[in-house]
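The block underneath contains the structure these notes are about, expressed in structure tokens.
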Amino acid sequence: MNMSITSNCTILSTMRSVINPAYRAARTAAARTRCPSSSSSFLPTSSAAASRVASNNSNNSVVDFRRFKSSLPLPEDDHEITESSTTSEPRLDNNTAPDISDFTSDPLKAGTPSPWAVFDAWGAGDGIIDPLSDDEEAMLSPEMVRIPIDDEDDGANLPNESDILAVYDKLLKRKSSVHFGYPYNLMYNHEELYEFMKYSINNLGDPFITSNYGVHSRQFECSVIDFFAKLWKMESDSYWGYVTTCGTEGNLHGILLARECHPDGILYSSRETHYSIFKAARYYRMDAKAIPTLPMGEIDYDALAAEISKNKDRPVIINVNIGTTVKGAVDNLDRILRILKTLDIPRERYHIHCDGALFAMMMPFVDWAPEVSFRKPIDSIAVSGHKMLGCPMPCGIALTRKEHVKKVEQKIEYLNSVDTTIMGSRNGQAALYLWYSLRKKGIAGIKRDVVHCMETAQYLRDKITEAGLTCRLNDLSSTVVLERPMDDKVIKRWQLACEEDIAHVVVMPNVTKPKIDKFVEELVECKNTFGRMQPKREDSPLKKLECSSWGGLAVAPLAATFHEDY
């Protein structure tokens with residue numbers, strides 16, 4: 001029987017409404033809060049306010065299935081900025097008191113914590129959502145969301161859960177609409193999978209070996225692994241992999257295999273490597289070398305060669321960054337392999353892991369990009385699933401050569417399977433969501449997303465440069481690096497990730513040109529009001545943005561004279 005997705009969703013929704021009145025009421029309330037009235041307010045101690053908001057919004061929003069096949073943003077006409085807040089100051093929307101310090105001990109490195117993408121952000125590419133009102137923010141305060149624990153406190157004076165969640169939904173919509181600093185694709189639609197959230201899907205054990213636990217999604221997990229094995233040019237029956245909880249777990253697994261293959265090896269990775277690589281070195285008690293980087297963020301190849309040559313009596317384990325965390329720099333795999341050949345390091349004496357959290361998923365779809373694949377002598381790749389693909393929970397993929405995983409394999413009798421992964425119980429929902437995204441997008445859909453990100457990143461770079469601010473964009477990257485805004489409210493509003501005197505924007509499918517125009521407008525206002533960030537030292541990250549090795553031109557910071565010049 002052939003039915004459209006829309007028809008199926010309608011039938012399922014109708015069935016739920018008839019069977020479960022509570023579901024019907026919740027669905028109606030959720031639909032009404034998608035377009036909250038600008039005059040609505042939520043009182044912390046009363047659920048009546050939520051009802052008033054619902055009654056003020058009779059026009060339920062309609063899900064736009066044009067974005068269902070691929071997450072490519074709609075035409076720019078559909079992304080008009082609609083923010084109508086009357087306040088001139090960007091709001092924090094994070095319920096943090098002014099006297100609370102940032103989460104890091106060094107305020108120069110304080111951006112915002114990663115807002116894990118645990119929400120369905122339909123419409124994340126549309127206009128900017130209004131900030132929460134004071135009453136709404138109060139609804140999400142620790143006092144309002146606390147859980148009563150003793151007999152004397154029955155929670156009678158607390159708002160009910162539905163009212164709290166309605167405000168929380170609005171907060172997440174707001175946050176997703178100004179999400180610039182972290183690499184998460186927030187444009188996805190997984191409504192068809194909602195039915196499966198009622199099952200405890202656990203992919204415990206090895207994905208390729210059945211266990212006694214029957215509520216799993218291993219067939220979907222294996223399909224996902226097969227897809228990436230083909231993407232990265234692995235021969236049939238030569239690979240092994242699994243769906244991880246995140247890119248960090250993939251790195252932990254890749255480095256674990258490297259250590260098991262070379263117990264006395266030394267781990268080499270650049271100073272701009274993601275922290276999880278050196279975390280793995282600590283966990284596994286490995287000797288590790290943090291190699292200096294070139295100004296644009298790539299590993300210093302001469303320094304790497306010098307360190308390896310000093311330790312030729314020990315095996316070489318190298319982490320190659322397919323996009324560094326802050327600058328999006330891609331280490332040159334071919335040059336690293338050439339170094340190993342020049343130093344006469346035989347294949348059996350080196351092991352290469354590729355950390356491709358974001359860009360290993362994008363690079364195969366960039367025309368004329370260098371190839372990173374298993375046709376070259378690499379041993380493992382880790383990539384995040386919730387970044388380029390988009391997923392409502394953090395997840396990733398670890399892929400390696402089959403012979404390596406045999407070194408960590410252990411038979412577990414009560415599972416009737418083997419233990420080969422970092423985790424025991426594994427999220428079977430994640431494998432299902434990744435499979436669904438890959439099937440719905442297809443190769444053409446993924447490439448369209450990648451092209452959007454690369455072209456829009458160039459647009460952002462040009463707009464910031466035209467505004468007179470220092471800005472850089474690495475080749476093979478959608479991460480735009482800029483001088484850090486002087487006002488921390490701008491950083492928190494746009495959720496920018498910062499490192500000392502620089503910040504960055506990771507352009508994902510939910511970042512659109514109208515949003516960029518609004519962002520640059522606020523950067524200029526910040527510059528005119530507070531001046532510009534000056535380099536903290538001679539070799540600071542901001543100072544390196546001016547370096548000619550990046551190519552092109554950078555707008556040099558004009559510190560100390562901004563009152564006269566602006």
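This is a predicted model, so every value here is computed, not measured. Values below: all heavy atoms of this structure, side chains included; hydrogens, waters and symmetry mates excluded.
The minimum heavy-atom distance between A431 and V224, with the atom names listed, is O-CG2, 3.9 Å. A pairwise comparison of heavy atoms in A467 and V520 identifies CB-CG1, 4.0 Å as the closest pair. The shortest non-hydrogen separation linking P485 to L523 is CG-CD2, 3.7 Å. Pairing each heavy atom of R426 with each of D206, the nearest pair is NH2-C, 4.3 Å. Taking every heavy atom of both residues into account, P207 and E221 meet most closely at CB-OE1, 3.3 Å. Nearest heavy-atom pair, M388 versus P509, reported as atom, atom and distance to 0.1 Å: CE-CG, 4.1 Å.
Aromatic ring orientation, F180 versus F519: tilted (interplanar angle from 30° to 60°). Using cut-offs of 30° and 60° for the angle between ring planes, the H253 and W240 rings count as parallel. Between Y433 and H190, the two ring planes are perpendicular [angle over 60°; tilted spans 30° to 60°]. In this pair, W232 and F228 present their aromatic rings tilted. The plane angle is within the 30 to 60° band.
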Between F220 and L434, does a side-chain contact (heavy atoms from CB on, under 4.5 Å) hold up when you go through it step by step? CA-CA 8 Å; F220 298 99; L434 289 178; over 6 Å; no
From CA spacing to verdict: side-chain contact (heavy atoms from CB on, under 4.5 Å), I397, M361: CA-CA 10 Å; I397 299 92; M361 181 71 219; over 6 Å; no
Trace of the side-chain contact (heavy atoms from CB on, under 4.5 Å) decision for L267 with I255: CA-CA 9 Å; L267 172 62; I255 300 302; 4.1 Å; yes
Test salt bridge (Lys or Arg N to Asp or Glu O under 4.0 Å) on R271 and D300 and set out the steps. CA-CA 10 Å; R271 289 178 182 170; D300 186 324; over 6 Å; no
For a side-chain contact (heavy atoms from CB on, under 4.5 Å) check, start with the C-alpha distance between R439 and F227, then their side-chain angles and the critical distance, and finish with the verdict. CA-CA 10 Å; R439 285 286 292 255; F227 173 88; over 6 Å; no
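Heavy atoms from other residues, nucleotides or ligands lying under 6.0 Å from NZ of K376 number more than 12. Around NZ of K312, the count of heavy atoms belonging to other residues, nucleotides or ligands within 6.0 Å exceeds 12. E348 CD: more than 12 foreign heavy atoms inside a 6.0 Å radius. Other residues, nucleotides and ligands contribute only 12 or fewer heavy atoms inside 6.0 Å of the NZ atom of K230.
Within the 4.5 Å cutoff, the side chain of M362 has heavy atoms near those of the M454 side chain. Side-chain contact between W550 and L473 is absent, with no heavy-atom pair separated by less than 4.5 Å. Put simply, the side chain of V507 does not reach to within 4.5 Å of the side chain of Y459, judged on heavy atoms. At least one side-chain heavy atom of S477 sits under 4.5 Å from a side-chain heavy atom of T479. Side-chain atoms of L389 and N185, non-hydrogen and from C-beta on, never get closer than 4.5 Å to each other. Side-chain contact between K289 and N311: present, with at least one pair of heavy atoms (C-beta onward) separated by less than 4.5 Å. In this structure, the side chains of S549 and L294 stay at 4.5 Å or more apart for every pair of heavy atoms. Contact check for L340 versus I352: side-chain heavy atoms found under the 4.5 Å cut-off.
In this structure, R347 pairs ionically with D379, as a charged nitrogen and a carboxylate oxygen lie closer than 4.0 Å. A salt bridge is defined here as a Lys NZ or Arg NE, NH1 or NH2 lying under 4.0 Å from an Asp or Glu carboxylate O, and E307 with K310 meets this definition.
Using a distance-only test at 3.5 Å, with no hydrogens or angles considered, no donor-acceptor pair links the side chain of H353 to the main chain of V320. The main-chain N or O of V481 is never found under 3.5 Å from a side-chain atom of R472 such that the two would form a donor-acceptor pair. Between the side chain of R349 and the backbone N or O of D313 there is at least one donor-acceptor pair closer than 3.5 Å. In this structure, the side chain of T244 engages the main chain of G396 through a donor-acceptor pair within 3.5 Å. Looking at E260, its side chain never comes within 3.5 Å of a backbone N or O of H404 through a donor-acceptor pair. With hydrogens and angles ignored, the 3.5 Å screen pairs no side-chain donor or acceptor of K518 with any backbone N or O of I128. The closest donor-acceptor contact from the side chain of N474 to the backbone of K327 lies under 3.5 Å. Judged by distance alone, the side chain of S238 and the main-chain N or O of M234 form no donor-acceptor pair under 3.5 Å. Under the 3.5 Å distance criterion, the side-chain polar atoms of N251 are left unmatched by any main-chain donor or acceptor of S276. Between the side chain of R484 and the backbone N or O of E500 there is at least one donor-acceptor pair closer than 3.5 Å.
Among the candidates K536, K544, R532, the single residue satisfying the salt bridge (charged side-chain N to carboxylate O under 4.0 Å, His left out) test with E483 is R532. When the options I318, I266, T342 are evaluated for a side-chain contact (heavy atoms from CB on, under 4.5 Å) with I308, the one that passes is I318.
Atom CD1 of I291 is separated from atom CG of D302 by 11.5 Å, given to the nearest 0.5 angstrom. Taken from CD1 in I464 to CD1 in I516, the straight-line distance is 8.0 Å, to the nearest 0.5 Å. Rounding to the nearest 0.5 Å gives a distance of 12.5 Å between NE2 of H386 and OH of Y182. For the atom pair S478 OG and H504 NE2, the distance stands at 9.5 Å (nearest 0.5 Å). The distance from the CG atom of L231 to the CE atom of M363 is 12.0 Å, given to the nearest 0.5 Å. To the nearest 0.5 Å, the span separating CG on L333 from CD1 on I322 amounts to 6.5 Å.
The ring of Y239 has its center no closer than 6.0 angstrom to the ring center of F374.
When only modelled atom types and interatomic distance are considered, D355 and N319 share no side-chain donor-acceptor pair under 3.5 Å. Under the 3.5 Å distance criterion, with hydrogens and angles disregarded, a donor-acceptor pair is assigned to the side chains of N321 and S270.
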